[in-house]
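See structure below.
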Amino acid sequence: MAALCVSVRGDEEGQRGQRGQQAQTANTHTTMAHDSIRVRFAPSPTGYLHVGGARTALFNWLFARQSGGKFLLRIEDTDRERSSDEHTQVIRDGLTGLGLDWDEDIVFQGAGIERHQKMADDLLARGHAYEDDGAVRFRMPHEEIAWEDAVGGHISFQGSDIQDWIILRSDRTPTYNFTVVADDAEMTISHVIRGADHISNTPKQIAVFRALGHEPPVFAHVPMIHGPDGHKLSKRHGATAVGDYQNLGILPEALRNFLALLGWNPKDEREVFSDIHELIQAFSLADVQRKSAIFDLTKLEWMNGQHLSLTPVDQLLPLVEPEMKRLGLDAESVPHEKLVKAVDINRERARTIMDIAERAAVRLDSSFIKTDDEKAQKLIAKDRDGFYSSLEATYQLLSGMDDAAWQPENLEQQLRDLAESLGVGPSKIFQPIRVAITGTTVSEGIHILLDVVGREESLARIQAAIRRD
RNA sequence: GCCCCCAUCGUCUAGCGGUAAGGACACCACUCUUUCAAGGUGGUGACAGGGGUUCGACUCCCCUUGGGGGCGCCA
């Protein structure tokens, strides 16, 4: 671990800040001291990775990857009550799932207690803190404390507005605002990129940095994410954890893409970033919004649909198969080729992985055929005789075709010819087939559907539908 | 109560003194089509209010209002 030392950051760090011009410098490769850029994500292991935290991590990561700096992970586990190894694992998995990898070993804040205590004692000895009822309280300087926030611009507090606060409890355990500074200094963090809810902690922390004899890092406070009601996104809004969205059938890259665009935009019309490198290149701290954003699930789903149709089947299969299993269909029990077809063809009309799994299941196992689709029922009711006679004619035709003839182009041609010979529009033939095979009025092209489901099974389903008459 | 931050379509946003205020999601038409989705075309829809500054303000300044965040021996 790096020795505790005064920051080696150069002048460009100290001067940076006038939002815009100079913050921009950090994002381009014109900065000399690339390797001095060190950012961190510092969640407390409370059981899940919040999407707000995930976005903060993402911005840190993008900034580090773009600048050639380091992205570090620090677990704020000082609160023993709420911390656990499993909780830490959830965070690691969440970040990894989103493709956010960290450099160096994970730092556990709890490991630094003795150092924190020593630093507090030092502050005490030098008059920057004083004892109060057994605790150690930091003496806030009565002066203006301001900084150039890389996102928020100039932000200023009066030290006199802020109460002296405890850095060491009476049981000698250090408090959050103090350990953050101690560890950021220890880790020689150059840019603290975190949620805007920490803005009012910042003057306290700057004061400690100074008392400790350190130049404060560059601060960048990214706006918060709110729920539809405008309040801080919380559990009562439903899904707030990264894991929740995986369960909702959202691709990690779609969530990542969506999160990147909440509070930031590339200044051009790009929205769907299929290549993470493109995102890294486009990202800019200075262009991060100062206004909080509302989490819009509908747009996330749209984004997911975009990524779904960009993702090759073989990458999708491992995600779809567990969903199918959850529905009660063992993917391994069906021929692989059939599975691939069923998934692939439904990729582009689906918004979530579940959509795909459900549609695929219908095509692979007749027990998943819908029985309660309103539109399908209406279609049948509208013209019962036409529906069944059409199905019978279709069955006659299709049962006469062998496997070799069972090809999409041929199927379509044959069915069109049938419609013509019967003197009806194609939909009079097509829709009944669709209903017989899927139980719904919606599917891929009918000839594709017949191909995906296969000759034998298709015929069986049509016959079964006729029998139901 | 005190402190800080924020304010363009319902939502995400572009705008950086002179624009018919642009894009995306959603929504509504139309189109394509065997259905749906996708695609294409078009449409509805915003500068919170009031003062300044200026020849000219969405853009700069101030106030109001509204929203958010923070004020623990929590993190």
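Keep in mind it's a predicted model, so treat the numbers as computed, not measured. Just the heavy atoms: all of them, side chains too, but no hydrogens, waters or symmetry mates, feed the values below. Chain identifiers are assigned alphabetically (A, B, ...) following the order of the sequence lines, protein sequences preceding nucleic acid strands; residue numbering begins at 1 within each chain.
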For nucleotides B:G23 and B:A46, find the distance between their P atoms and express it as a whole number of Å.
14 Å
Determine whether more than 12 heavy atoms belonging to other residues, nucleotides or ligands lie under 6.0 Å from atom CD of A:Glu144.
yes
Look at all strands and tell whether A:Asp133 reaches a base, only sugar-phosphate, or nothing, counting heavy atoms closer than 4.0 Å.
base
Can you find a side-chain donor-acceptor pair between A:Gln413 and A:Asp417 that sits under 3.5 Å?
yes
Any base atoms under 4.0 Å from A:Ser156, or only sugar-phosphate, or nothing? Heavy atoms, all strands.
sugar-phosphate
Electrostatic pair A:Glu444-A:Arg363, nearest N-O below 4.0 angstrom:
yes
Determine the Euclidean distance between corresponding C1' atoms of B:C16 and B:A21; express it in Å to zero decimal places.
13 Å
Are side-chain N/O atoms of A:Glu253 and A:His307 paired as donor and acceptor at under 3.5 Å?
no
Can you check whether any acceptor in the base of B:U34 is under 3.5 Å from a donor in the side chain of A:Arg416, or vice versa?
no
Need one value for A:Met303: base, sugar-phosphate or nothing, where a base atom within 4.0 Å counts as base even if backbone is also close, heavy atoms only.
nothing
Just checking A:Gly305: base, sugar-phosphate only, or nothing, at a heavy-atom cut-off of under 4.0 Å?
nothing
Does A:Glu444 reach a base, just sugar-phosphate, or nothing at all? Heavy atoms under 4.0 Å.
base
Whom does B:U11 pair with, Watson-Crick or G-U wobble, provided both distances fall under 3.5 Å?
B:A24
Salt bridge (charged side-chain N to carboxylate O under 4.0 Å, His left out) filter on A:Glu358, not counting sequence neighbours, yields none
Taking atom C1' in both B:C60 and B:C4, what distance in whole Å separates the two?
22 Å
With no angle test and no hydrogens, is the base of B:A26 tied to the side chain of A:Lys299 by a donor-acceptor pair under 3.5 Å?
no
Hey, does A:Leu262 reach any base, or is it just sugar-phosphate, or nothing, if we go heavy atoms under 4.0 Å?
sugar-phosphate
Could you check A:Val151, A:Asp149, A:Val222 and say which one makes a side-chain contact (heavy atoms from CB on, under 4.5 Å) with A:Arg290?
A:Val151
Can you tell me the Watson-Crick or wobble partner of B:A46, both distances under 3.5 angstrom?
none
With no hydrogens and no angle check, just 3.5 Å: does a side-chain donor-acceptor pair link A:His116 and A:Asp183?
yes
Reckon A:Ile446 touches a base, only the sugar-phosphate, or nothing at all at heavy-atom distances under 4.0 Å?
base
Would you state whether a donor and an acceptor, one from the side chain of A:Ser170 and one from the base of B:C73, lie under 3.5 Å apart?
yes
Mind checking the C1' distance from B:C32 to B:G39? Whole angstroms is fine.
8 Å
Say you pick atom P in B:C30 and the same atom in B:A48; how far apart are they, in whole Å?
35 Å
What interatomic distance, in whole Å, is found between P of B:G72 and the corresponding atom of B:C3?
15 Å
Check every strand shown and say whether A:Lys428 touches a base, only sugar-phosphate, or nothing at a heavy-atom separation below 4.0 Å.
nothing
Has the side chain of A:Arg290 got a donor or acceptor that lies under 3.5 Å from a partner of the other kind on the base of B:C5?
no
5'-most by nearest nucleotide on RNA chain B - A:Asn177 or A:Glu348:
A:Glu348
Could you measure between the two P atoms, the one in B:A14 and the one in B:U53, and give it in whole Å?
30 Å
Pairing partner of B:C32 (Watson-Crick or G-U wobble, both distances under 3.5 Å)
none
Whole-Å C1' distance, B:U19 and B:C58:
11 Å
Mind checking if A:His221 touches a base, just sugar-phosphate, or nothing, with heavy atoms under 4.0 Å?
nothing
At under 4.0 Å between heavy atoms, what does A:Lys232 touch on the DNA or RNA strands: base, sugar-phosphate, or nothing?
sugar-phosphate
Watson-Crick or G-U wobble mate for B:C2, both contacts under 3.5 Å
B:G70
Residue whose closest nucleotide on RNA chain B lies nearer the 5' end, A:Phe157 versus A:Asn201:
A:Phe157
Under a 3.5 Å cut-off for both distances, is B:C60 Watson-Crick or wobble paired, and to whom?
B:G52
